[in-house]
Amino acid sequence: MNIFDQYLIRIKKILLDLSQKGMIELPNELEGITAEIPPPKFNCDISTNVAMVLSKINKKSPIELAETFVPLLKKDDDLIKQIDVIKPGFINIKFKPIFWTNFIKEIIKNSKTYGINTNEKKNNYLIEFVSANPTGPLHVGHCRGAILGDVIAKLLSFNKHKVTKEYYVNDYGNQIINFTKSVYLRVREIKFNEPFPKDNEDLYPGDYLINFANNIINSNKNMDFENFEKISNELTVLSTEEALKLIKINLNSLGIIHDNFVSEKKLVSNQEVQKVIDYLQKKNFIYKGKIKAPAGEDNDNWVEREQLLFKSTDFGDDKDRALQKSDGAWTYFASDVAYHKNKLDRKFDYLINILGADHAGYIKRISSSVEALSSSKVKLICKVSQLVKLIKDKKPFKMSKRKGDYITVDDLINEVGKDATRFIMLNRSSDAELDFDFDSVIEKSKDNPLYYVQYCYARISSIFRNLNIDFTSNIEIKDYNFEYSNDEINILKKISEWPKCIDTSINKLEPHRIPVYLYELASLFHSYWNLGKDNPEKRFINNEKKIDNQKLIFLKAISNVVKSGMDIVGVSTPEKM
RNA sequence: GCGCUUGUAGCUCAACUGGAUAGAGCGCCUGACUUCGGAUCAGGAGGUUCUGGGUUCGACUCCUAGCAGGCGCACCA
């Protein structure tokens, strides 16, 4: 029920008809022709650029061309009140009120599916996000990408695509060795009273390691904690398990649940890395060579080494990338290539990765590897979530792991709450840096757009409460013999944009459009609500304490869309606030 | 030095895959509560969309050359 698509299809049909009759020239592709939402000032419901797009190829002025389309559009369509041709060549369509009665009838009947693009092919998606190192709790920096990934997944699911949410666990490599050592030293601190070396930069200083150590000691009474060499493998497993447990709790408090956790270590031990290297070697994407130092930096201690390299420059990367360290261990990149081979083997239609801004430089090489592995058949879509700039006391707040003064997901949820965190982190484009003003979010929560949208839903719910009508049940209206006023049609128009909003959000993977849309819808609703102050006719509940059918489903239609939208964002819609 | 990315009202941000006279919130000014919930609403002021060129019927959007901020540029992950 996307009215813009419906009319676009109708327009294209008219064009093909005309072209068959030889009355018009068409380009090979009709892509540029659109049915759009007109700016509010034009007092129309749908506009199309068809005449302007076709003007050149037909050697006619857009206005002239538009005039020939108008009667054809009007023909056999008695829902159209008026069609205007405006300045540059737009064709503006205005519907009769009965159109909107039909419209609301349709979307109430299909309230569960309204907004879903039913014409679109349904695909199988894999989305990898968060994938933070299993060395400690999540902090605010992880939050934005986590929410971005989760909402993209929700969006795709809403549109009936199949989605698998995955977390890649980097439980292999130097970081993990350092992490395990750190846990071990905390164990020694507890058991043998040896102070933890605070000044060693390789170690993880956070106090949470004390908890990890305690948990490990308590549940492994028979372990020989005296001898690190003996227990290091087991301790690594136990330590990363502790960290993952904490990370999962953090994710949960954000409302995020992954379907799979894929272990890097397992990929290595299953020889999957070795296999993928062999595979790429056969395809000539791997050679032994040296990497040059980057220009313009102090490279005094740069050592050129001959090592195994992947030819990512074949795909536009600025240098080839190392796969193996000098001690023979695989680089992070090598096992990630194996991981992506693993993804490809599972036959998804699309692979999506959500990365933090600090890993943006990594995109070229990993997407190169996917191209090489899939013979360019599968494209890896990488979405970067830009940094969150924390503001505290009106000043930027720098997090420092070493000092331990960083804000964790826990802190954030406790102070701001899950819903506000999700809504605010999502309320703007992920391409732009985000100012997250801690104080203003906490203190002046009234200014929070989340509450503005929730309040709209709560107000509608309060009407149902006052009328003793079950808000959550479906409403059946038999008599649709009514027409909506201009104020109401304004809101219905906004509701008609909902499927378009979903479409664009998915096609561009820009979920921030959802909260932005919801805010606009809520704003129209609040305006309408306040009209009732001066004009009792505009109130929902009349003097007899009853409500007209047309107003009842009008409210229902609005609340349905708000609910769908808030579900996608992953925040609650309380009936009372 | 190179790569990626951002630059829109005083501040924080939108702008529907290139559409029309660029929109919101905050802040500032003026107004609306014996109300279906004021966590709301109505109105006002505020713009050379960083700069210069180009493509186009049409550019905040695309190309190009700059400027400014952010991120990255080892065998870290």
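Naming: A, B, ... by sequence-line order, numbering from 1 per chain. Only this structure's heavy atoms are used, side chains among them; waters, hydrogens and symmetry mates stay out.
- In this structure, A:Pro39 reaches the bases: a heavy-atom distance under 4.0 Å links it to at least one base atom across the strands shown.
- As judged by a 4.0 angstrom heavy-atom cut-off over every strand, A:Asn174 is placed among residues touching the sugar-phosphate backbone only.
- As the counterpart of B:C41, B:G31 is assigned, both hydrogen-bonding distances of the Watson-Crick or G-U wobble pattern falling under 3.5 Å.
- Nucleotides B:U12 and B:G46 have their C1' atoms positioned 15 Å apart, rounded to a whole Å.
- Under 3.5 Å, the side chain of A:Ser47 and the base of B:A20 form at least one donor-acceptor pair of N or O atoms.
- For A:Lys87, counting side-chain heavy atoms from C-beta on, the closest listed nucleotide (B:U21, B:G37, B:U40) is B:U21.
- Separation of the P atoms belonging to B:C67 and B:G25 is 38 Å when rounded to the nearest angstrom.
- Listed by first then second residue, pairs satisfying side chain to side chain donor-acceptor pair (under 3.5 Å) with a partner in residues 524-538 of chain A read A:Arg459-A:His526, A:Asp487-A:Lys538, A:Glu488-A:Tyr528, A:Asn530-A:Lys533, not counting sequence neighbours.
- For the C1' atom pair drawn from B:A9 and B:C4, the interatomic distance equals 29 Å after rounding to whole Å.
- Comparing B:C16, B:U21, B:U17 by their nearest atom to the side chain of A:Lys41 picks out B:U21.
- For B:C57, the OP1/OP2 oxygens have a side-chain nitrogen or oxygen of A:Lys56 closer than 4.0 Å.
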Chi angles and distances behind the side chain to side chain donor-acceptor pair (under 3.5 Å) call for A:Thr180, A:Ser239:
CA-CA 6 Å; A:Thr180 307; A:Ser239 303; 4.9 Å; no
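- Pair assignment for B:U17 gives none, since no Watson-Crick or G-U wobble pairing has each distance under 3.5 Å.
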I need a per-nucleotide contact map over nucleotides 3-15 of chain B, read 5' to 3'. Cutoff is protein heavy atoms under 4.0 Å; write B for the base, S for backbone only, - otherwise.
--SS-----SSSS
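- The phosphate of B:C36 (OP1 or OP2) has no side-chain N or O of A:Lys538 nearer than 4.0 angstrom.
- Considering only side-chain N and O atoms, A:Lys493 lies nowhere under 4.0 angstrom from the phosphate OP1 or OP2 of B:C16.
- With hydrogens and angles ignored, no donor-acceptor pair closer than 3.5 Å exists between the side chain of A:Asp358 and the base of B:G72.
- Taking side-chain N and O atoms only, A:Tyr517 has no distance below 4.0 Å to OP1 or OP2 of B:G23.
- For A:Arg459, taking side-chain heavy atoms from C-beta onward, the closest of the listed nucleotides B:A20, B:C73, B:U40 is B:U40.
- When distances are taken from the side chain of A:Ser527 to each of B:G37, B:U40, B:A42, the shortest belongs to B:A42.
- Remark: A:Lys556 is positioned above the aromatic ring of A:Phe471, its terminal NZ or CZ atom under 6.0 angstrom from the ring centre and at most 45 degrees off the axis.
- B:U64 and B:G52 make up a base pair, with Watson-Crick or G-U wobble contacts both under 3.5 Å.
- For the OP1/OP2 pair of B:C36 and a distance below 4.0 Å, the side-chain nitrogens and oxygens of A:Ser462 include no atom meeting the criterion.
- Contact annotation: the side chain of A:Ile152 never approaches that of A:Phe129 to less than 4.5 Å [non-hydrogen atoms, C-beta and beyond].
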Hey, mind stepping through A:Tyr519 and A:Asn427 against side chain to side chain donor-acceptor pair (under 3.5 Å) and telling me if it holds?
CA-CA 10 Å; A:Tyr519 189 91; A:Asn427 201 20; over 6 Å; no
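- Residue A:Phe90 and nucleotide B:A20 are classified as a stacked aromatic pair, their ring centres being separated by less than 5.5 Å at an interplanar angle below 30°.
- Other residues, nucleotides and ligands contribute only 12 or fewer heavy atoms inside 6.0 Å of the NZ atom of A:Lys181.
- Where A:Thr48 and A:Ala458 each meet RNA chain B at their nearest nucleotide, the meeting point lying more 5' is that of A:Thr48.
- A gap of 8 Å separates the P atoms of B:U61 and B:C50, to the nearest Å.
- Between the side-chain ring of A:His359 and the base of B:G72, no stacking contact exists by the 5.5 Å and 30° definition.
- A donor-acceptor contact under 3.5 angstrom links the side-chain atoms of A:Lys533 to the base of B:A32.
- Comparing B:G19 with B:C63, their P atoms sit 15 Å apart, to the nearest whole Å.
- You'll find that the side chain of A:Tyr455 is closest to B:U40, out of B:U40, B:A77, B:A42.
- RNA chain B is contacted by both A:Phe540 and A:Ala357; A:Phe540 maps to the nucleotide lying nearer its 5′ end (nearest heavy atom per residue).
- Between A:Asn466 and the phosphate of B:G37, there is a side-chain N or O to OP1/OP2 separation shorter than 4.0 Å.
- The stretch residues 53-68 of chain A participates, sequence neighbours left out, in no salt bridge (charged side-chain N to carboxylate O under 4.0 Å, His left out) pair at all.
- Taking the P atom of each, B:G52 and B:C26 are spaced 33 Å apart, rounded to whole Å.
- Ring stacking holds between A:Trp529 and B:C36, with the centres under 5.5 Å apart and the planes within 30 degrees of each other.
- Rounded to whole Å, the separation between the C1' atoms of B:A15 and B:U49 comes to 11 Å.
- With hydrogens and angles disregarded, no donor-acceptor distance shorter than 3.5 Å links the side chain of A:Asn92 to the backbone of A:Ser47.
- Rounded to whole Å, the separation between the C1' atoms of B:A59 and B:A20 comes to 13 Å.
- Judged by Watson-Crick or G-U wobble contacts below 3.5 Å, the nucleotide B:C71 has B:G3 as its partner.
- When side chains are defined from C-beta on, A:Ile24 does not count as touching A:Thr68, because their heavy atoms never get closer than 4.5 Å.
- Taking the side chain of A:Thr504 as heavy atoms from C-beta on, and the options B:C16, B:G19, B:C41, the nearest nucleotide is B:C16.
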